[in-house]
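Below is one structure; the comments refer to it alone.
When a ligand or atom number is given, it counts from 1 through the structure's own listing order. Quantities reported herein were computed from a predicted structural model and do not represent experimental measurements.
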Amino acid sequence: MKIEQARKYHKIDAVIVGAGLAGLRAALEVARSGLAAAVVSKVYPTRSHSGGAQGGIAAALANVSEDSLDAHMFDTIKGSDYLADQDIVEHFVNEAVNTVYEFEHMGVPFSRTADGRINQRPFGGHSAPRACFAQDITGHVLLHTLYEQCLKHNVLFFSEFQVLSLLVQNDVASGLVAWDIREGGLHIFHAKTVLLATGGYGRAWKVTSNAHANTGDGVALVLEAGLPLEDMEFVQFHPTGLYKHGILLSEAARGEGAYIINDRGERFMKNYAAAKMELAPRDVVSRAEQTEINEGRGIGGRDYVYLDLRHLGREKILSRLPQIHDLALNYLKADSIKEPVPIQPTAHYSMGGIPANIRTEVIKDAAGTVVRGLYTAGEASCLSLHGANRLGTNSMQDAATFGRIAGAHMTEFCRQNVFADLPTKPLDVAQGKIDRLWSGSGLERHAPIREELQENMTKHMGVFRNQDDMLRMLGIIKELQERYRKVGVDDRGQAFNLDLIEALELENLLSFAEVIVEGALARKESRGAHFRSDFPKRDDANWLKHTLAWRRDGKIVMDYGKAVVIYPQYQPQERKY
Ligand SMILES: Cc1cc2nc3c(=O)[nH]c(=O)nc-3n(C[C@H](O)[C@H](O)[C@H](O)COP(=O)(O)OP(=O)(O)OC[C@H]3O[C@@H](n4cnc5c(N)ncnc54)[C@H](O)[C@@H]3O)c2cc1C
């Protein structure tokens, strides 16, 4: 296919994939400088998963009690189980304070202290109340405010466009190709800079807090372009997912004082993290919870425990945690004012992702060689700020702060460079994917393959891992990839062809899931969210290093040359809470 055959060809300085906090914040930065910025998003912008974030956004404002940038830095490093790059953490905590005040000046309706300052609540792993919040709908108000600001500054929106291929050759990005979900047809976006802000990928699991759109398209596109992914084995399980649904009950509940109890009515965290109790980091609490369940102390011996808010009282629950109250009531008919709510760990956050440097430029190897014009921010990226385990409320801050930083560097790059040439056949890869599905034998369907993947990932790649389970999972993924080749899509329609979209997303899930399992199999230690019952100790002598993984000739190839950046004052130590 030639360029002329594409439905549309767009030439825009900065093309941003993703309309979550990271994408919108970057777009705003570019647009404010006067350059053209376009946001391409497969969901309508305000439906991005960022809008579902509840609990808060971290910054050491010290509005409620003493706090410092150093404390925020140390908590983040300790929370990461020492895998975070400390130069990135330092940059992050310094910028985080500005990011919150900028949001305030844009009009974000933060909850306030009695004397009018931005209120802050405690969150797991943070040594001071640091989470700025708006009730329990913090992501919602941040996302809507940013979207309005983007409209005000004339950001172009291509909503309901699904990116199907990246245009990268000789380590230079020249744009991307996207499918118009509403009307059908491929569009070429020719850009000087591309930002991948495609969010997380919890949808590879059955029990997950993530939105349906979180299928890891961005990370899969990067793999397909021959570039590496970093630290993919680290996936966070949040301890308070609604039983069976996985829908999140924010850590804000525990921040406000909620308990977690087992079948005996015990606050069992006293046996695992006596100093921090329910406000230990998520990896610690999820493991404790899963241990209680595995040892028969789940409620009625079953696979869940309780989140207990009753002692907080009706007024606090309804004023501070209204969404949590509604979710429990609507999905489990549990009135959290009167009864405890059944919960279980839920696949929640991806620490790993697309490797990038402190300027958010995507890198292609351990030496840090930059792919020119290609940037990444937010949950899809791995800078690495969160290392092996992220602290709650550091993620929206990560997306917004590094989104802004990405926007600034993209602007600078656009000013200094001309448009790179497109590949000679820019549409080939994207068109090939669609043609394959439309001409597929149809002996297989995408839905059952996806279900098998998700069920098995929940079963074999959960809070606890071991070699046998992971080898089994790897075999299942290979088999499902093989079956995927026979998937056919009957619907040839152009408008809202969700059959086609979901089949395309499944290819991505099957692609990066393999990297997660391979990375986890190779890493013979336990660190942060990656816990192996066959290697239960952290092993700094052999494993204090990042994983980079490529797909080469159909195989996953790994390299460990990317060292962790560690400052003299924050040397690894045993992690106790
Ligand atoms: C339920 C829940 C609650 C959370 N609560 C908190 C919290 O209280 N505090 C906190 O700090 N963090 C929280 N997090 C984590 C945090 O919300 C996310 O990590 C962060 O918002 C991610 O932002 P993002 O911009 O990277 O991606 P997202 O907001 O996920 O946006 C991704 C964007 O990429 C687009 N996209 C993806 N693939 C394609 C494609 N192929 N083509 C076109 N567009 C594409 C989507 O349309 C979407 O616009 C929570 C997460 C969840 C799931």
Side-chain angles (χ1 to χ4, degrees), residues 15-27 39-59 96 121 123 130-134 136-140 142-143 146-147 157-166 176-179 181 189 195-203 208-221 236 238 240-242 246-252 255 323 327 346-351 353-354 376-381 386 390-403 406 430 501 504-505 508:
V15 174
I16 288 146
V17 191
L21 288 182
L24 293 188
R25 190 59 194 83
V39 172
V40 179
S41 173
K42 68 180 181 179
V43 300
Y44 189 76
T46 48
R47 300 187 70 87
S48 301
H49 189 65
S50 291
Q54 303 167 351
I57 176 165
R121 59 164 55 119
F123 243 77
R130 196 174 280 148
C132 312
F133 62 96
D136 58 359
I137 54 163
T138 316
H140 177 87
L142 293 177
L143 193 67
L146 261 186
Y147 184 50
F157 279 95
F158 293 86
S159 300
E160 299 180 316
F161 276 73
Q162 179 117 352
V163 176
L164 297 189
S165 77
L166 282 182
L176 50 88
V177 177
W179 171 260
I181 298 174
F189 291 84
L195 176 75
L196 296 171
T198 48
Y201 36 86
R203 280 281 151 186
T208 176
S209 66
N210 279 206
H212 284 275
N214 288 13
T215 52
D217 302 351
V219 293
L221 291 174
Q236 177 169 82
H238 194 296
T240 59
L242 263 189
I247 296 170
L248 194 73
L249 297 183
S250 169
E251 193 171 312
Q323 189 181 182
L327 288 171
T346 183
H348 181 60
Y349 184 85
S350 26
M351 271 73 71
I354 305 162
T376 185
E379 194 170 336
S381 70
H386 312 292
R390 167 181 74 93
L391 295 187
T393 69
N394 264 356
S395 167
M396 284 206 279
Q397 185 59 265
D398 171 16
T401 289
F402 283 103
I501 297 294
L504 289 163
E505 288 173 343
N508 296 335

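In this structure, atom 24 (P) of ligand 1 lies nearest to the protein heavy atom S50 OG, 3.9 Å. Protein heavy atom nearest atom 25 (O) of ligand 1, with residue, atom name and distance: A22 N, 3.0 Å. What sits closest to atom 42 (N) of ligand 1 on the protein, heavy atoms only, is V163 N, 2.9 Å. Closest protein heavy atom to atom 53 (C) of ligand 1: H49 NE2, 1.6 Å. In terms of protein heavy-atom proximity, atom 44 (N) of ligand 1 is nearest to K42 N, 3.0 Å. Here the heavy atom of the protein found nearest to atom 27 (O) of ligand 1 is G199 CA, 3.3 Å. The single protein non-hydrogen atom nearest to atom 26 (O) of ligand 1 is E379 N, 2.9 Å, given as residue, atom name and distance. Remark: minimum distance from atom 48 (C) of ligand 1 to any protein heavy atom is reached at S48 OG, 3.4 Å.
Only the backbone of A197 comes within 4.0 Å of ligand 1, judged by heavy-atom distances. Of the heavy atoms in R390, only side-chain atoms (C-beta onward) come closer than 4.0 Å to ligand 1. Residue contacts with ligand 1, taken as heavy atom pairs separated by less than 4.0 Å, do not involve E251 at all. Under 4.0 Å from ligand 1, the heavy atoms of Y349 that appear belong solely to its side chain. Contact annotation: for T198 versus ligand 1, heavy atoms closer than 4.0 Å belong to both the backbone and the side chain.
At least one donor-acceptor pair under 3.5 Å links the side chain of D136 to the backbone N or O of Q323. A donor-acceptor pair under 3.5 Å links the side-chain atoms of R121 to the main chain of G55, judged by distance alone. One N or O on the side chain of T240 and one on the backbone of L249 form a donor-acceptor pair closer than 3.5 Å. Judged by distance alone, with hydrogens and angles left aside, the side-chain atoms of Q236 form a donor-acceptor pair with the main-chain N or O of R390 at under 3.5 Å. Using a distance-only test at 3.5 Å, with no hydrogens or angles considered, a donor-acceptor pair links the side chain of T346 to the main chain of S209.
For the atom pair R203 CZ and N214 CG, the distance stands at 8.0 Å (nearest 0.5 Å). If you take CD1 on I247 and CG on N210, they are separated by 12.0 Å, rounding to the nearest 0.5 Å.
A heavy-atom distance below 4.5 Å is not found between the side chains of F402 and S381. Between S48 and L143 the shortest side-chain heavy-atom distance falls below 4.5 Å. When side chains are defined from C-beta on, H238 does not count as touching Y349, because their heavy atoms never get closer than 4.5 Å.
Here's the thing with V17: none of its N/O atoms is less than 3.5 angstrom from an N/O atom of ligand 1. Not one N or O of A399 is nearer than 3.5 Å to an N or O of ligand 1, by distance alone. For the pair L21 and ligand 1, the shortest N or O to N or O distance falls below 3.5 Å. In terms of polar-atom proximity, L248 is not counted as a contact of ligand 1, lacking any N or O under 3.5 Å from an N or O of the ligand. Between D217 and ligand 1, a contact under 3.5 Å exists for at least one N or O pair. Residue contacts with ligand 1: M396 is placed with a nitrogen or oxygen under 3.5 Å of a nitrogen or oxygen of the ligand (distance criterion only).
Around atom 17 (O) of ligand 1, the closest heavy atom drawn from G52, A53, G18 belongs to A53. One option in S395, G55, G56 has a heavy atom closer to atom 9 (N) of ligand 1 than any other, and that option is G56.
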Quiz prompt | Derivation and outcome, side-chain contact (heavy atoms from CB on, under 4.5 Å), residues R130 and L391 | solution = CA-CA 11 Å; R130 196 174 280 148; L391 295 187; 5.6 Å; no
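With K42 as the partner, the side chain to side chain contact (heavy atoms under 4.5 Å, CB included) test is satisfied by one option alone out of V163, V17, I181: I181.
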